[in-house]
Participant: 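Pasting a structure here, questions to come.
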Number of protein chains: 2
Amino acid sequence: METTSIQDYLKTIFDLTRDGETASTTALATRLGIAPASVTGMVQKLAAAEPPLVHYRKHQGVTLTAGGEQAALRVIRRHRLLETYLVTTLGYAWDNVHEEACRLEHVISEEFEAKIAAALGNPERDPHGDPIPDADLRLPTDPSTPLSALRPGQGATVLMVRSDDPAFLRHVEEIGLLPGVELHIKNYSHFDQNLEVEIDSQPARVIGLAISCRIFVSVH
Amino acid sequence: METTSIQDYLKTIFDLTRDGETASTTALATRLGIAPASVTGMVQKLAAAEPPLVHYRKHQGVTLTAGGEQAALRVIRRHRLLETYLVTTLGYAWDNVHEEACRLEHVISEEFEAKIAAALGNPERDPHGDPIPDADLRLPTDPSTPLSALRPGQGATVLMVRSDDPAFLRHVEEIGLLPGVELHIKNYSHFDQNLEVEIDSQPARVIGLAISCRIFVSVH
DNA sequence: AAATAAATTTAGGTGTGACTAAATATTACT
DNA sequence: AGTAATATTTAGTCACACCTAAATTTATTT
């Protein structure tokens, strides 16, 4: 049975292995807010499941099997559709939808998923700009660059903001770095890795690495 | 902590004690699809909770405390708002919403509850005609009569259909006994307890007790 | 290369909410 | 009233998903 807990593991493993690396026990434990020993136990269970949901060798971290990835993508699709629905249709604030979506994603039916997808016109991105897997769980690979990689003279469009923290999201909103917004890099200090960024033709602002590494853009 | 399981017990006890009786272990076990021994265990836990959620004396069944009733009404409000939302806004069929609402009712936030209530204009009844507790959890007491209690010559308006079974609900819909519909009793056979009912000025139909005891009406 | 530090796993334990089987209390029947 | 039937409870187990503490493996220093 694919429990809420299992779905949370799969979703997190998907996220941690996006870069091609394996997901370590500690990284999973931190992200899930669970003791490392508990993660080992669950990971062994996922690897022993029939069909197996993860590849696992002791001390080597885990990756998703094809089946595990499908299951993860299903949950991710639901999560992102829910976030979109909450903002677009129910009038939630964008900084506030993550928690609600995290609870709903485990209980909605296939019908519910289809109904909200249709109501939204099969959106391709959620309010934070994350791509939404389509009904066949295909996830568009988009060539996005972290804002932190840009240098003076470059222009770009904000694609997504990678954070679930309401306070962080509110701050980003206040700065105006929302998906779709145009920006230009005015200056860069390689000592403190601050960027001076002109956002939406407003006066330039200084953006620290803690923010710029969580904003993904498409370079012009 | 008020778990999903506890909320299901409270909701069911509320339902079984609506007539002023106590809820028996067996009745709860049947309704919840759980072994009677398991019900005893849970009921003792609910009675020992601080504050207690049920009144319980061995072999005497249970009733809700004031606290238990509040908790039950909160879940019932969410359930009925959800059913209404699924039908009205997402286009679900009315026979199909119970199961989905049963899963969602345990995970939605206060904000979600408020948002859908507002979107629906604070409805007073769900698609089956059940009254929805208001935001302060007050449940209007409506003087409804089972259709089975009517006799020839009486006219009435359908108030609600008490069933969660999709097949039953589809049948009731086909007959046309939906909330709001007008009916007149043409005949009664007290051997088989069948009623001949003219529904919405259509040719009269024979309705058995299995159906008529689940339809509640307001008599003219 | 050995010693230390960090990450991971094993071992053993907990609470929740179910289960079955057996014991006991209540109710119904003759 | 006494017995049989039914309802309820007790006793003992189980799976799940977590925990802590201790042992082990891997990685990093010196």
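Chain A is the first sequence line, chain B the second, and so forth, proteins listed ahead of strands; every chain is numbered from 1.
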Participant: So which nucleotide from C/dT9, D/dT10, C/dA18 ends up closest to the side chain of A/Thr40?
Facilitator: C/dT9
Participant: Specify the separation, in whole Å, of atom CD of B/Gln44 and atom P of C/dA18.
Facilitator: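 It is 14 Å, rounded to the nearest whole Å.
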Participant: Of the options C/dT8, C/dA18, D/dA11, whose atoms approach the side-chain atoms of A/Ser24 most closely?
Facilitator: C/dT8
Participant: Hey, is the side chain of A/Ser38 poking within less than 4.0 Å of OP1 or OP2 on D/dA17, counting only N and O atoms?
Facilitator: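 For D/dA17, OP1/OP2 do not have a side-chain N/O of A/Ser38 under 4.0 Å.
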Participant: Can you measure A/Met42 atom CE to C/dT8 atom P for me and round it to whole angstrom units?
Facilitator: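 In whole Å, C/dT8 P lies 18 Å from A/Met42 CE.
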Participant: Within the supplied structure, the quantity of interest is the number of heavy atoms (other residues, nucleotides, ligands) at a distance under 6.0 Å from B/Glu173 CD; does it exceed 12?
Facilitator: yes
Participant: Please state how far atom OH in A/Tyr56 lies from atom C1' in C/dT10, giving the value in whole angstrom units.
Facilitator: 10 Å
Participant: CD of A/Gln7 versus P of D/dC16: gap in Å, rounded?
Facilitator: 15 Å
Participant: Between A/Gln60 (CD) and D/dT26 (C1'), how many Å, whole number?
Facilitator: 9 Å
Participant: Quickly, which of B/Lys11, B/Arg78, B/Gln7 forms a side chain to side chain donor-acceptor pair (under 3.5 Å) with B/Glu105? Name it, please.
Facilitator: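 One option only clears the test, and that one is B/Lys11.
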Participant: With nearest nucleotides of DNA chain D determined for A/Thr3 and B/Thr25 from heavy-atom distances, which residue corresponds to the more 5′ nucleotide?
Facilitator: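 Looking at the nearest nucleotide for each, B/Thr25 comes out on the 5' side.
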Participant: What integer distance in Å separates A/Ile34:CD1 from D/dC19:C1'?
Facilitator: 11 Å
Participant: Using a cut-off of less than 4.0 Å, is there contact between a side-chain N or O of B/Tyr9 and OP1 or OP2 of C/dA18?
Facilitator: yes
Participant: Starting at the 5' end of DNA chain D, which residue's closest nucleotide do you reach first, A/Lys58 or B/Pro36?
Facilitator: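 Per heavy-atom nearest nucleotide, the more 5' residue is B/Pro36.
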Participant: Using the side-chain contact (heavy atoms from CB on, under 4.5 Å) criterion, which residues pair with A/Val107? Sequence neighbours excluded.
Facilitator: B/Arg103, B/Leu104, B/Val107
Participant: Starting at atom NE2 of B/His59, determine the distance to atom C1' of D/dT6, rounded to an integer number of angstrom.
Facilitator: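 Computing the B/His59:NE2 to D/dT6:C1' distance gives 12 Å.
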Participant: What is the distance from CG of A/Asp8 to P of D/dC18, rounded to the nearest Å?
Facilitator: 9 Å
Participant: Classify the ring geometry of B/Tyr92 against A/Phe112: parallel below 30°, tilted from 30° to 60°, perpendicular beyond 60°.
Facilitator: tilted
Participant: Any side-chain donor-acceptor pair under 3.5 Å between A/His79 and A/Asp126?
Facilitator: no
Participant: Base, sugar-phosphate alone, or nothing: which one does B/Ser5 contact when heavy atoms must sit under 4.0 Å apart?
Facilitator: sugar-phosphate
